[in-house]
Novice: 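Take this structure, written in structure tokens, and hold onto it; I'll ask about it next.
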Amino acid sequence: MNWRSFWTSILFLAFVACHRESSTPLSFPNAPVILISIDTLRADHLPLYGYANIQTPNLDALAHDGTVFENAWSHCPMTLPSHVSMLTGLLPIEHGVRNNLGYAYDATKTPSLPALLKTRGYATGAAVSSYVLRGETGLRNAFDWYEDSVDPRPGAAFSDYQRSGATTAALASKWISDAGTKPFFFFLHLYEPHVPYEPSYDGEIVKADAIVGEFLERLKKSGVYDKAIIVVTSDHGEGLGDHGEQQHSILLYTEAMHVPLIVKLPRGAKHPERVAAPASLADIAPTIASMLDVKMTAPHAANLFALPESRNIYGETIYPYVQLGWSDLRSLINTRFHYIDSPKPELYDLSNDGYEKNNIIANERRTASAMREELAKFPSAIAAPAPISDEDAARLASLGYVGSVRNRPDPRTLPNPVDNVAVLDEIQQAFELANQQRYEEAIPRLRAIVEKNPRLVDVWLKLAEAYVDLGHAQDAIAAYRAAIGGAGVFPADVAVMLGNVYLQSDDVADAEKAAEAALSGSPDKARALLVRIAVKKKNLPEAERLARMLPL
């Protein structure tokens with residue numbers, strides 16, 4: 001045997017041995033599992049990912065005991081859809097929760113990791129820090145115990161719709177302590193560093209690190225830490241103005257989609273220190289399930305400890321479509337390229353342009369075409385959002401999620417979000433003036449916004465409300481009619497608002513037309529208006545008949 005053949009054989013055997021070792025399934029039957037989600041934490045603001053402006057000693061220590069996934073991606077820059085993906089291993093297009101409002105998780109149709117573990121004798125619990133993840137979203141049904149006591153009054157301040165992560169972590173620690181020796185799965189959700197930042201975004205990250213550190217210390221003292229599978233991640237990042245968006249939900253750039261991911265295995269298990277292959281939030285649940293010897297169906301997920309070197313990871317946001325009247329966005333991202341599908345498609349080379357400043361789609365047509373073709377294999381239809389209460393809409397708006405959930409026309413006929421995102425700051429400023437009843441300042445600003453963006457239904461509605469408060473009925477009627485015209489798909493609730501103003505103006509005939517038009521889409525509100533119209537017409541039998549049809 002010559003030396004070349006000898007060394008080739010040695011290298012081949014070494015490769016096979018390494019491959020066998022890395023591909024050996026990790027198995028930890030009945031291990032406790034703790035999933036910690038730090039809401040709105042973008043990866044590149046952590047020292048673990050190269051950031052130098054803050055220190056996060058507790059996350060660093062956890063990473064020392066576990067594996068850091070350098071390229072982990074969210075599937076949606078919104079809280080509710082992302083957490084459902086974490087818990088089910090499915091994409092938003094698969095589990096059906098596409099937005100924070102108007103879509104709910106159905107635990108009876110879509111199995112989750114905690115529900116599957118419950119059938120194996122696990123106790124399952126969760127404690128969340130924000131109204132966005134309230135139990136009514138359907139998440140409560142996936143757990144034995146779900147602590148979400150964040151229920152402020154309508155019109156409350158930002159802080160009333162979230163609670164300190166320290167409070168939530170204390171509740172989590174007590175539940176874990178009470179679980180005793182029974183195997184358990186626990187989901188802990190922290191809302192730092194979501195707005196409002198106190199004192200700053202980075203300062204909120206430092207707070208979250210301290211909360212995680214104290215929580216993990218309790219686990220160490222109780223003996224749970226060494227035995228547990230612990231996952232720390234985030235649902236999405238934060239824009240911070242990098243592409244014009246200060247917060248998140250609207251755009252799909254890396255600042256919103258690149259998330260941290262740390263996985264700590266039970267003590268003594270071999271694991272890589274860092275993994276560069278692309279990972280996703282949907283990978284979390286099936287990976288844990290595999291380690292607990294539980295079967296879980298997740299067509300587009302992979303095992304975090306057996307990732308392919310390259311893969312395309314799906315991302316989407318329908319928020320600009322259903323809440324702002326702009327186009328939705330979809331994307332694919334891999335080890336090198338990020339393709340964003342929109343009315344004006346974009347392609348970025350992340351190896352040379354990590355902050356996505358140079359759209360290279362004109363120079364990389366083949367790459368863009370291939371990624372576009374693959375993206376087309378994912379369903380693109382958007383199911384109509386379910387009606388939501390005014391209270392829920394107000395509460396989510398207080399957390400920065402501007403816009404009402406509505407049906408829209410074909411998204412590709414609508415404006416490109418990135419070209420219009422700057423208007424959100426103008427909207428929030430104008431809304432604040434209107435809320436303070438500073439109408440002389442608010443109305444010109446609102447009118448200027450809708451002149452440039454006539455499909456922004458919420459701005460037309462705020463303008464109409466201002467005119468109603470001022471007693472300018474005809475101006476209010478014109479604004480409501482413009483809102484209906486801009487919606488694309490008939491908004492029954494706005495028709496009821498229009499009918500109310502007609503009735504206040506003694507225009508009974510037009511009020512009745514508006515109410516009848518709204519019956520199919522908003523029956524209760526429309527009938528309530530028809531009751532008032534019947535009273536106005538002194539038709540009391542009809543008023544009584546309609547009133548009996550209203551819910552108690």
Side-chain angles (χ1 to χ4, degrees), residues 21-38 58-59 61-69 72 83 85-89 111-127 142-146 169 171-189 212-213 215-233 260-273 275 279 281-298 301-307:
E21 181 180 9
S22 64
S23 62
T24 301
L26 295 166
S27 181
F28 310 103
N30 294 324
V33 179
I34 299 166
L35 171 61
I36 304 173
S37 173
I38 305 174
N58 298 297
L59 291 174
L62 180 67
H64 182 267
D65 292 344
T67 300
V68 175
F69 293 85
H83 283 99
S85 288
M86 285 185 213
L87 295 169
T88 64
S112 66
L113 179 60
L116 290 173
L117 292 180
K118 183 177 179 179
T119 66
R120 295 295 189 95
Y122 269 65
T124 59
F143 295 87
D144 298 323
W145 184 79
Y146 198 86
L171 292 165
S173 295
K174 183 179 185 307
W175 186 91
I176 291 171
S177 177
D178 291 345
T181 59
K182 187 175 183 179
F184 69 85
F185 175 94
F186 197 89
F187 166 49
L188 170 61
H189 170 252
V212 170
F215 176 71
L216 295 180
E217 186 61 30
R218 292 174 186 154
L219 296 180
K220 290 175 181 177
K221 289 180 179 178
S222 67
V224 171
Y225 181 87
D226 284 343
K227 298 182 292 184
I229 299 168
I230 300 176
V231 178
V232 174
T233 189
L261 178 58
I262 306 166
V263 179
K264 186 206 78 72
L265 302 179
R267 187 177 181 86
K270 292 183 179 181
H271 58 85
E273 293 182 359
V275 173
L281 293 183
D283 298 337
I284 294 172
T287 299
I288 296 172
S290 174
M291 291 190 286
L292 300 178
D293 300 330
V294 174
K295 291 184 178 180
M296 190 171 195
T297 302
N303 190 308
L304 289 169
F305 293 97
L307 292 172

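Side chains are part of it too, since the values below use all heavy atoms of this structure and drop only hydrogens, waters and symmetry mates. Along the sequence shown, residues carry numbers from 1.
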Novice: Checking Tyr146 now: which residues fulfil ring pair (Phe, Tyr, Trp, His ring centres under 6.0 Å) with it, not counting sequence neighbours?
Specialist: Phe143
Novice: Spell out, as yes or no, whether a donor-acceptor pair under 3.5 Å connects the side chain of Thr88 to the backbone of Ser112.
Specialist: no
Novice: Any side-chain to backbone donor/acceptor pair from Arg120 onto Asp293? Under 3.5 Å, distance only.
Specialist: yes
Novice: The criterion is salt bridge (charged side-chain N to carboxylate O under 4.0 Å, His left out); which residues satisfy it with Lys182, sequence neighbours excluded?
Specialist: none
Novice: State which residue, out of Ile262, Leu261, Asp283, fulfils the side-chain contact (heavy atoms from CB on, under 4.5 Å) condition with Phe69.
Specialist: Leu261
Novice: For the pair Phe215 and Asn58, evaluate side-chain contact (heavy atoms from CB on, under 4.5 Å) and give the outcome as yes or no after the intermediate values.
Specialist: CA-CA 10 Å; Phe215 176 71; Asn58 298 297; over 6 Å; no
Novice: Assess whether atom NZ of Lys220 is packed by more than 12 heavy atoms of other residues, nucleotides or ligands within 6.0 Å.
Specialist: yes
Novice: Taking the side chain as every heavy atom from C-beta outward, state whether Arg218 and Val224 have any pair of such atoms under 4.5 Å apart.
Specialist: no
Novice: Once you round to the nearest 0.5 Å, how far does CE of Met86 lie from CZ of Phe187?
Specialist: 6.5 Å
Novice: Does one side chain, of Tyr225 or Asp65, offer a donor that lies under 3.5 Å from an acceptor on the other?
Specialist: yes
Novice: For a quick test of reading the model, state the closest non-hydrogen atom pair linking Ala285 to Gly89 and the distance between them.
Specialist: CB-N, 3.8 Å
Novice: Determine the sole option in Thr124, Ile34, Asp144 for which the side-chain contact (heavy atoms from CB on, under 4.5 Å) test with Phe184 is passed.
Specialist: Ile34
Novice: List the steps, then state whether side-chain contact (heavy atoms from CB on, under 4.5 Å) holds for Thr233 with Leu35.
Specialist: CA-CA 8 Å; Thr233 189; Leu35 171 61; 4.3 Å; yes
Novice: Can you confirm whether His83 sits close enough to Ser37 that some side-chain heavy atom of one is under 4.5 Å from a side-chain heavy atom of the other?
Specialist: yes
Novice: Name the residue from Ile284, Ile288, Leu87 that meets the side-chain contact (heavy atoms from CB on, under 4.5 Å) definition with Leu113.
Specialist: Ile288
Novice: Between the main-chain N or O of Pro32 and the side-chain N or O of Lys227, is there a donor-acceptor pair closer than 3.5 Å?
Specialist: no
Novice: Write down the atom of Phe186, the atom of Ala172, and the distance for their closest heavy-atom approach.
Specialist: CE2-CB, 3.2 Å
Novice: Let me see the working for Leu292 and Asn30 under side-chain contact (heavy atoms from CB on, under 4.5 Å), right down to the final yes or no.
Specialist: CA-CA 6 Å; Leu292 300 178; Asn30 294 324; over 6 Å; no
Novice: Check the surroundings of atom NE2 in His64: do more than 12 heavy atoms from other residues, nucleotides or ligands lie under 6.0 Å from it?
Specialist: no
Novice: Examine distances only and state if a side-chain atom of Ser290 and a backbone atom of Pro286 form a donor-acceptor pair shorter than 3.5 Å.
Specialist: no
Novice: For the pair Lys264 and Ile229, evaluate side-chain contact (heavy atoms from CB on, under 4.5 Å) and give the outcome as yes or no after the intermediate values.
Specialist: CA-CA 6 Å; Lys264 186 206 78 72; Ile229 299 168; over 6 Å; no
